[in-house]
Amino acid sequence: MIFYFSATGNSKYVASRISKITGDEIIAIDHCMKDQTLTFNAKENENIGIVVPVFTSALPTIVDDFLTKLKLTRDGKGYNFAVVTYGMNAGAADYYLKKSMENKSLPIDSLFSVKYPDSFAPLFDVSNKKKVQKKVEAAEPKIDFVIDKITNKVSGNFIKGKMPHVLAALIHKVGYTNDRITTKFTVSDSCNGCGICAEKCPTDAIKIKDNTPIWIKSHCVLCMGCLHRCPQNAIQYGNTKKHGQYLNPNITV
Ligand SMILES: Cc1cc2nc3c(=O)[nH]c(=O)nc-3n(C[C@H](O)[C@H](O)[C@H](O)COP(=O)(O)O)c2cc1C
Ligand code: SF4
Ligand code: SF4
C-alpha cells in the first residue's frame with residue numbers, strides 16, 4: 001500500500017509509477033481523512049510507502065494529521081519507504097516521516113526525493129511551459145532510480161538538499177501558519193462557478209455560493225490545488241496571476 005497526498009499531481013504521479021511496478025495499491029490521504037478511514041493492516045512482505053510533497057521545509061498539515069491518526073499494523077516483516085517531491089529544498093520532511101513511522105514501530109527503510117516544478121505560486125513562476133516541461137522530464141530518471149531501489153528493497157536515506165530539523169521547524173511554524181490564512185485568496189470575475197475548486201479541496205475549505213467560491217475555513221492546507229486547477233485561472237493568492245498555473249501533465253488530479 002502506498003499512501004500519497006498530491007495537489008498538483010507530482011506526488012500522485014510518482015506514487016502511480018511505483019505502484020505500476022510493485023503492484024501496491026495507491027491510497028489518497030485526503031480521501032482517508034474525509035471518510036475517516038484510518039486503520040490499515042499490511043500483509044507480510046507487503047510494501048508500505050508514503051509519497052508526499054514538502055511544504056515549507058516539512059510536511060503538509062493534512063499529512064501530519066493523517067500520520068498522527070493512522071493506525072497502521074503489519075503481519076510479519078516487510079519493506080517501508082517514503083518519497084518526497086519538492087521544488088527547491090526537501091527541508092526536514094524526512095525527519096518528520098521517520099519520526100511518525102518509528103512511533104508506529106514501522107521504521108522507514110528507505111527515503112527518496114524527486115525534484116519537480118514548485119507549486120508554491122506566490123514565489124515560483126511556472127508560466128514558462130518549456131522550462132516546466134524540462135523539469136518534469138528531468139524527474140523521470142530520478143523516479144526510475146527510486147523504483148530500482150524499492151524493487152530491490154535497498155535501505156538508506158537518498159534525500160538530497162536536506163536541512164536541520166530545528167531550522168525547518170522554525171521556518172514551517174513562522175511561514176506556513178501565517179500563509180495558511182484563507183483570506184489571502186481572491187477570485188476574479190472570470191470565475192464561471194464550475195465548482196471544481198470546492199469539489200477537489202482536500203479539506204473542504206471552499207463552498208460555492210451565488211456561483212462563486214467562498215472560503216469557509218480560516219486556515220487551509222495551502223496546497224495551491226484550487227489556484228492551479230481553476231480552468232479560468234480565476235483564483236489568486238496575492239500577486240500570483242503572472243506566475244501561471246501548473247499541473248503535472250502525466251496524471252489527473
Ligand atoms: C505551501 C507550499 C509550500 C512548499 N514548500 C516547499 C519547500 O519548503 N521546499 C520545496 O522544495 N518545495 C516546496 N513546495 C513545492 C512542492 O513541494 C512541490 O511542488 C511538490 O512537488 C508538489 O507536490 P504535488 O504536485 O504532489 O502537490 C511547496 C509547495 C507549497 C504549495
Ligand atoms: S474552479 Fe475556478 S471557475 Fe470553477 S468555481 Fe472555482 S474559481 Fe470559479
Ligand atoms: S483552499 Fe485551495 S489551497 Fe487551500 S486546501 Fe483547499 S484547494 Fe488547497
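Position 1 is the first residue of the sequence, and the numbers go up from there. Both counts, for ligands and for their atoms, begin at 1 and track the order of listing.
Protein heavy atom nearest atom 1 (S) of ligand 3, with residue, atom name and distance: W215 NE1, 3.1 Å. Closest to atom 8 (Fe) of ligand 3, if we only count protein heavy atoms, is C223 SG, 2.4 Å. In terms of protein heavy-atom proximity, atom 6 (Fe) of ligand 3 is nearest to C201 SG, 2.3 Å. Atom 3 (S) of ligand 2 has its closest protein heavy atom at N192 OD1, 3.3 Å. Protein heavy atom in closest approach to atom 4 (Fe) of ligand 3: C220 SG, 2.3 Å.
Look at N248 and you'll find every heavy atom at least 4.0 Å from all atoms of ligand 1. Note on ligand 1: G225 sits outside its first shell, no heavy atom being nearer than 4.0 Å. Within the structure, ligand 1 lacks G91 among the residues with a heavy atom less than 4.0 angstrom away.
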Show me the side-chain donor-acceptor pairs of residues 86-103 shorter than 3.5 Å, one per line, residues at least two apart or across chains.
unit_1, atom_1, unit_2, atom_2, d
N89, OD1, G91, N, 2.7
N89, ND2, G161, O, 3.1
D94, OD2, N157, ND2, 3.0
S100, OG, Y96, O, 2.9
N103, ND2, K99, O, 3.4

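Every atom of ligand 2 with a heavy atom of P231 under 4.0 Å away is listed here by number and element: 1 (S). Numbered from 1 in the order shown, with element, the atoms of ligand 1 that lie under 4.0 Å from a heavy atom of S11 read 23 (O), 24 (P), 26 (O). For ligand 1, the atoms closer than 4.0 angstrom to any heavy atom of T56 are 3 (C), 4 (C), 5 (N), 6 (C), 7 (C), 8 (O). Shown in contact with T203 at under 4.0 Å from a heavy atom are these atoms of ligand 3, numbered in order with element: 5 (S).
A 6.0 Å sphere centred on NZ of K207 holds no more than 12 heavy atoms belonging to other residues, nucleotides or ligands.
F112 meets the ring-ring contact (aromatic ring centres under 6.0 Å, His included) test with F158; sequence neighbours excluded. For C223, the side chain to side chain contact (heavy atoms under 4.5 Å, CB included) test picks out F5, A7, F55, P202, V221, with sequence neighbours left out.
Rounding to the nearest 0.5 Å gives a distance of 12.0 Å between CD1 of I2 and OG of S11. The CZ atom of F124 lies 4.0 Å from the CG atom of D118; values are rounded to the nearest 0.5 Å.
Exactly one of N45, D109, N47 qualifies for a side-chain hydrogen bond (donor to acceptor under 3.5 Å, both in side chains) with K153. That residue is N47.
Aromatic pair F3/F40: ring centres closer than 6.0 Å.
Note on atom 6 (Fe) of ligand 2: protein N/O/S atoms under 2.8 Å are C197 SG.
When non-hydrogen atoms are compared, ligand 3 lies under 4.0 Å from the backbone of M224 (N, CA, C, O) but not from its side chain.
For ligand 1, none of its N or O atoms has an N or O atom of M224 under 3.5 Å away.
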